[in-house]
Amino acid sequence: MSSRFRVSCIAIGVAALALTACDREERHNRAKPLGETVPAGESPDTIYPGSGVPPPLDARAAMYDNNAPAIAQGQWLYTQMNCVGCHSHGGGGMGPPLMDDEWRYGGRIDQIAATIAEGRPNGMPAWRGKLTQDQIWQLAAYVRSLSGQPSKDAVSSRPDEMSGPEPETLTAREPQKQSDAAEQ
Amino acid sequence: MRHGRRQLGLISAVIVPASIPVSAQSTLAQPHAISAASAAPQDNGNWEMPGKNYASTRFSAMRQITPANVRKLGLAFTFSTATTHGYEAPPLVVGGTMYLITPFPNYLYALDLTKRGAPTKWVFKPKPVAASQGVACCDVVNRGAVYDKGRIFFNTLDGQTFAVDAGSGKMIWRTRLGNIQKGETITMAPLVAAGKVLVGNAGGEMGVRGWIAALDEGSGKIAWKAFNTGPDRDVLIGPRFKPPYPSDRGRDLGVKTWPPEAWKIGGATVWGWISYDPKLGLIYYGTSNPGPWNPDQRPGDNKWSTGVFARDVNTGQAVWYYQSSPHDLFDHDDINEIILADIPWGNSRRPVMLRPARNGYFYVQDRRTGQVLSATPYGYINSSRGVDLRSGRLIPVAEKEPKQGRVTRNICPAAPGAKDWNPAAFSPATGLVYIPHLNLCMDEGALEANYIAGTPYVGADVKMYAGPGGNRGVFTAWDPVRRRKVFEIKEDLPLWSPALATAGGVVFYGTMDGWFKAIDATNGRLLWRFKTGSGIIGQPISYRGPDGRQYIAVVAGVGGWAGAIVSGKLDPRDPTAALGFVNAVKDLPKKTTAGGMLYVFALPR
C-alpha cells in the first residue's frame, strides 16, 4: 500500500468520521421569518357585563410590548426565576404551556403581568414583592413572545437554552381571542 | 374465530421467544425464587395495600382465570372517578367494599361490591390546597391508599396524611407533614407496619429535603422522622448502622458528601414504595434523586440520595444503606419497588430483595445486610459499565456525564430510567419478576439552577427519545436466580402501568394508549386484551368478590410524567416540556385522551 494511498484513505476516514460526528439538531436561524398577521379569534373568552367591551389596555403595555431589550431581559429572568422549571420553553410541564393559543387568565400583556404579580389559585406563585414591576412586565413581554405575539424584529433569533424549541423569530403567532387582543 | 385470530396477529407488540431455562442444581423442591414467607401471608382474596403484601409481590393466589379461559373475560362494572389526571393507584378491596383514591383532589370512594353495579357507599373529600398542584413535579398523581384494622390511610398532594373509618367514611385523624411553600408534596402510598403509618415526601425537583416519617396508627402523632440528608442525628444513624460497603461508613456523610449547606436542599425524597420484613423488623425504601439535576452543582456522593435504606420499624434507626447511583448524574431516583423473596442458595434459601432499579440494573441483595449478590442489566445501558461487586459502586462512563454549559447526547437510560415508579409483579409460582419498563435515551444540557423555595430546582434541559430498536416500552419477564430474561414484549409506547401476576398463570398490564392486556406468565403470549377509554398507568388488582368469583380491576386515566402531555395539555413543539418527556411521546395525544374510569372484569357466570 503506497503511503499516498494510505494518507488519502485516512483523509477519507477522517472526513467520514467528521460527517458522522455532526449529529446535531438542524437549526434554521437564518430562515425566512414568518408572516405576522393572523385574523383575530371569533368570540371573546371573558364576559364584560354591560358593554361586552374589555377595560382599556394598561398604558405600560406600550413600553414593553415589542420592546427588544425588555423581551431579552424577560428571557433572562424566565430562566433565572425558574419559570422554565414549570413552563419549560413554552411547552409546559408542572405549569401550562405558554406557546399555544390558550390563556386561562388572559393573554394581554397586562393580564399576564397581573398573573405573574398576583399568582393564580392552581399553583402559579405570586411574584409581587420578589420582582420589581419593571421585571414583571419584562417577563410578561417575553411570555407573549413564546406564542409569537411580538413583532419578529423584537425577539431573539437565538434561544438561551441548549436543546429547546425553535428560536422565537421562527415561532408562529398563535391566534388571539378578541378579549386578549383588545386595544392592541 | 378467524377474525379474532387475525386481530391478534396485527398487534404491534412483538414477543421475543424465550430460551428454555436450564434446571438449577438445587435440592430444593422449588429451584426458583419464592416470596418471603414472613412478608407474604396466605392470600385472603382481598387487596389491602398497593403491593398486595409486605413483600410487594403484586401476586394474587386466585386461579379461576387461566390462560385457557381468559379470552372469555368480560366487563362486570365501571365507575367514573370524576378526575382526568394521571391515575397511578390500585383499587383496594376489603371484604365487600372497594376503595378508590383519585389524583388531586384526592377523593376517596367506597363502592359496595355486594350490590349489583357496585353503587357508591360514601365519598370522602379531603380538600387539599389547590396551590399544591403547582409544586407537583410530574402530574398531580396519588399512588394509593392502604387498609389496616378498619381504617383507610392515604396522603394528599398538599402534604397531609389521613385516617378514615373504612365503614363510615368519617375522618379519624389527619396530620400535616409537608409544606407546599417549600415545594413539598406527598404522592406516595403509605405503608402500615407494626402499628405505624409510614409516609415520605416528594419534591426532588423542587429542592426539598427528603424524609420518611412514622405516624402512630391510632393517633396520627409522629413516632419518628428520619431525614435522608444532613447530620447523622437527623438521619437516625446510630450504633446499629452497618452499611455493607466502605464508602457509606463515616460520620455525618449526609453533610460531608455535599458542598456546604447543599444537603438542606438536596432532595433524597421518599415518593416510591416501602416494603417490610416482619421477621427482621426492618422496613426498606429507596431515596430519590439529589437536587438539582445539574451534577456540577453538587460534587460528592450526595448521601443519602439515590439509595436504599433498611430501618428498624419501631425506632427508625438506620440498619444499612446502599447507594445505587453515587453522585447521581441522570435523575435516577432509587425509589422503585423492593420485592422481598427467598432464593435458592446452596442447599438452603437466602433472604433477598429484588430491585429492578432505575439505573438499569436488576439488583439482588441480601436483605439482612444490604450486600449486593448480583446487579445485571435488564435494559439497554450506555451510561455505566456495571456494578463493582467488591465496592458496590456503579462504574460510570465519563463521556456520558452531563457538564454545565454543554449538551451530553445519547444517554441511556434516560432520566426516568430503564424503569420508573410503576412496579413489577413477582410470581412465586413461576419464580419470575414481570417488569413493565422503558426503552428511552436522552440529550441533557446542564445549566446552573437557582434555588428559590417553592419553585423548581433542576438546572437541565432534557430531550428524550426512543432507545435502540425504536420501541419506547418493554415488558420483561426476568429470572432473578439465573439472572436473565425469559421473554420480553416490545411495546411501542412507554410502559407506565404496574403489573399484576396471578396464580392462574395470567399476567396483566396496561398500555398508555388504553389496551389492558393479559399474557401467559410462562411465555408472554397475548391471551386477551380490552381497549379502555384512556391510557392505563394504574395498578391492576385481582380479588375475590362477595360471590366467590375472581375479579380483575384497573383504573384507566392517562397522565403522570409520561402522560402529562395529555393530562396537562402540553405543547409537543417544545421538546423540553415536562422535563423532556414530551419529546418522546409527541404522538400520545393522537392515541388517547384524558380520563378516569374504573374497569372491573370477570368470567361469565
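Quick note on labels: first sequence line is chain A, next is B, and so on, each numbered from 1. Computed from a predicted model, the values in this text were never measured in an experiment.
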Check your understanding: Between OG of A/S88 and CG of B/D461, what distance do you get to the nearest 0.5 Å?
Key -> 8.5 Å

Point to revise | Side chain to side chain, A/M81 and B/I452, heavy atoms closer than 4.5 Å | key: yes

Check your understanding: Top residue by heavy-atom pair count (under 4.5 Å) with chain B, among A/M99, A/H87, A/Q80?
Key -> A/M99

Review point. Rounded to the nearest 0.5 Å, how far does CG of A/L146 lie from CG of B/D574?
Key: 9.0 Å

Exercise for review: Flag the one option from B/G459, B/A131, B/G454, B/A564 with the top tally of heavy-atom pairs under 4.5 Å to chain A.
Suggested key: B/A131

**Study point:** B/D571 side, atom CG; A/D101 side, atom CG - distance, nearest 0.5 Å
**Key:** 9.5 Å

**Study point:** Minimum side-chain heavy-atom gap B/T455-A/W127 below 4.5 Å
**Key:** yes

Point to revise | B/R573 CZ to A/H89 NE2 distance, which is reported to the nearest 0.5 Å | key: 15.0 Å

**Study point:** Partner chain A: residue of B/L570, B/V458, B/V462 with the largest heavy-atom pair count (under 4.5 Å)
**Key:** B/L570

Review point. Is the count of non-hydrogen atoms from other residues, nucleotides or ligands lying under 6.0 Å from B/K182 atom NZ greater than 12?
Key: no

Exercise for review: Name the region of A/M124, side chain, backbone, both or neither, that has any atom closer than 4.5 Å to a heavy atom of chain B.
Suggested key: neither

**Study point:** Within residues 49-60 of chain A or reaching into it, pairs that qualify as side chain to side chain donor-acceptor pair (under 3.5 Å) - sequence neighbours excluded
**Key:** A/D58-A/R60, A/R60-A/Q133

Check your understanding: What part of B/A446 lies closer than 4.5 angstrom to a heavy atom of chain A: side chain, backbone, both or neither?
Key -> backbone

Exercise for review: Taking all non-hydrogen atoms of both residues into account, name the closest pair between B/N450 and A/N82 and its distance.
Suggested key: O-ND2, 2.8 Å

Point to revise | Heavy-atom pair of closest approach, residues B/K569 and A/P97 | key: O-CG, 3.0 Å

Review point. Using a cut-off of under 4.5 Å for heavy-atom pairs, which of A/P121, A/G85, A/G92 has the most such pairs with chain B?
Key: A/G92

Revision key, fill the gap. Here the gap from A/C86 atom SG to B/E205 atom CD, rounded to the nearest 0.5 Å, amounts to 11.0 Å

Point to revise | Residue B/A136 versus chain A: region with a heavy atom under 4.5 Å | key: backbone

